[in-house]
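Input: a single structure, listed below in structure tokens.
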There are 2 protein chains.
Amino acid sequence: TALSLAAAQGAAEPGPLAGKTLLLTAGPTREALDPVRYLSNHSSGKMGYALAEQAARLGADVTLVSGPVTLATPAGVTRIDVQSAQQMLEAVMARVEAHEIFIGCAAVADYRPVAAATDKIKKSQETLTIEMVRNPDILATVAGHSKRPFTVGFAAETRDVEHYALDKLARKKLDMIAANDVSKPGQGFNADSNALTLYWPGGSKDLGHSDKATQAEALLLTIAEKLTK
Amino acid sequence: TALSLAAAQGAAEPGPLAGKTLLLTAGPTREALDPVRYLSNHSSGKMGYALAEQAARLGADVTLVSGPVTLATPAGVTRIDVQSAQQMLEAVMARVEAHEIFIGCAAVADYRPVAAATDKIKKSQETLTIEMVRNPDILATVAGHSKRPFTVGFAAETRDVEHYALDKLARKKLDMIAANDVSKPGQGFNADSNALTLYWPGGSKDLGHSDKATQAEALLLTIAEKLTK
């Protein structure tokens, strides 16, 4: 029978995210100053890719909108590559209604140069002033959508982590936020491990310190719990 | 005999750069804005790494000062990793007297933020102004050294390539410059091929369009010719 065949293939138990659709962002964005120069950040994409991989393993239908990283696409994950925050916003908003969960794990550049030069800037001056404007807030845009998914953000901070995380949770009207202190060694942008604390309206959960796959699974299982309540 | 043993190992013919010492830089630099953000450029490091690999194959003793790239160190090459232009300058100047040839292939950031913030910048404003100052000019510093090596620079331009290349050759008092037009498809920063034109005081040589290993070998053989004259 189909059931025994599924069991023989090790797919007997439907995963805790079986049938759920997850849209997530990962990696940095790059904001062009001119054809050769850009502003970016140290996000490796490892946490977002760990989330995509674990979510697929737990049964979710996963779409990953990714900034420039050097990581392989996890098995079973649909990946869309983007460079800038504006491209990431467009890729996300085109798909947000079709997904039940959104996790904004990308380290989106907060600002972009006012106008990217078409030709390479010549270095004729001793000083250079770059005028920057705020990028669109992808997380807040998703959370403000009339058909919003369960919306989860990340807060990577160098100090006052809980304060900034709770402020971001409330201000952007998120369902959950995963906070970490990137100033501590062994967690954050280029590390293979992490130490997330989850906050949601009225509660929190410390995930301890472990590899990013374990942190990702714990975060996804917490989301699955909230969705079934 | 030692000679026949060398011949049996395929090392009978000394390479055209045998016994020569080459110091070169490759890749981009990253200039920190704060602990998470940086300014960089699209240099992949492929051209510099191709030069390091071919130079070692042609018999040179090669030291590669490299910005952050995702490339493997070529066999037989000594690699020193750096991030910022200032770190790259220090790594180069500490070694410049011990080398007969210098090739500046890195895409060194021309400017860096006046002061890198210790904590992550909070995005509380609609606009942000970044004040930048000129970075040290590594190539000109090497060329201006009292015991300067044979000094070769690169010019990656988006227009008026020959004009800017000849200007840079004269202004920085280089022995040779390798110019390419990065606005053309299939050459430049992330491509596997290139189309360099070499200029030196009183002459030039068009290397045509080919893979970066072939371009690297042709450039190195031209340098070897100049050194033996």
Side-chain angles (χ1 to χ4, degrees), chain A residues 28-44 68-71 83 107-114 117-135 137 140 155-161 163-164 167-168 171 181-184 188-190, chain B residues 28-44 68-71 83 107-114 117-135 137 140 155-161 163-164 167-168 171 181-184 188-190:
Chain A
T29 65
R30 286 184 181 172
E31 309 299 325
L33 273 167
D34 67 19
V36 293
R37 296 181 183 85
Y38 62 85
L39 195 78
S40 192
N41 63 65
H42 292 292
S43 171
S44 64
V69 297
T70 55
L71 302 170
Q83 293 273 327
V108 181
D110 301 320
Y111 295 89
R112 67 174 182 280
V114 172
T118 309
D119 288 318
K120 187 180 169 187
I121 298 164
K122 303 307 296 182
K123 47 179 175 181
S124 51
Q125 300 167 314
E126 275 307 301
T127 61
L128 179 70
T129 303
I130 302 174
E131 300 291 343
M132 313 269 286
V133 290
R134 279 285 290 277
N135 260 327
D137 187 327
E157 302 293 344
T158 49
R159 61 191 170 95
D160 297 342
V161 176
H163 167 75
Y164 283 120
D167 173 65
K168 190 169 178 180
R171 190 166 33 85
D181 184 344
V182 294
S183 73
K184 289 187 185 164
F189 276 8
N190 211 359
Chain B
T29 65
R30 287 184 180 172
E31 307 300 323
L33 274 166
D34 67 19
V36 292
R37 296 179 183 85
Y38 63 84
L39 195 77
S40 192
N41 63 66
H42 291 291
S43 171
S44 64
V69 297
T70 55
L71 301 170
Q83 293 273 327
V108 181
D110 302 320
Y111 295 89
R112 66 173 183 278
V114 172
T118 310
D119 287 320
K120 189 179 168 186
I121 297 164
K122 303 307 296 182
K123 48 180 173 181
S124 51
Q125 299 167 313
E126 274 309 299
T127 61
L128 179 70
T129 302
I130 303 173
E131 301 290 343
M132 314 268 286
V133 289
R134 280 285 291 277
N135 260 326
D137 187 327
E157 301 295 341
T158 49
R159 60 191 171 95
D160 297 342
V161 176
H163 168 76
Y164 283 120
D167 174 65
K168 192 170 176 179
R171 190 166 32 85
D181 184 344
V182 294
S183 72
K184 289 187 184 164
F189 275 10
N190 212 358

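Just so we're on the same page: letters track the sequence lines, and every chain starts at 1.
- Using a 4.5 Å cut-off between heavy atoms, B:Ser40 contacts chain A through both its backbone and its side chain.
- For the pair A:Asp110 and B:Leu128, the minimum side-chain heavy-atom distance is 4.5 Å or more.
- A distance of 11.0 Å separates NE2 of B:His42 from CZ of A:Arg37, quoted to the nearest 0.5 Å.
- Between A:Glu126 and B:Tyr111, the closest heavy-atom pair is O-CE2, 4.0 Å.
- One finds the CG atom of B:Asn41 at 9.5 Å from the CZ atom of A:Arg30 (value rounded to the nearest 0.5 Å).
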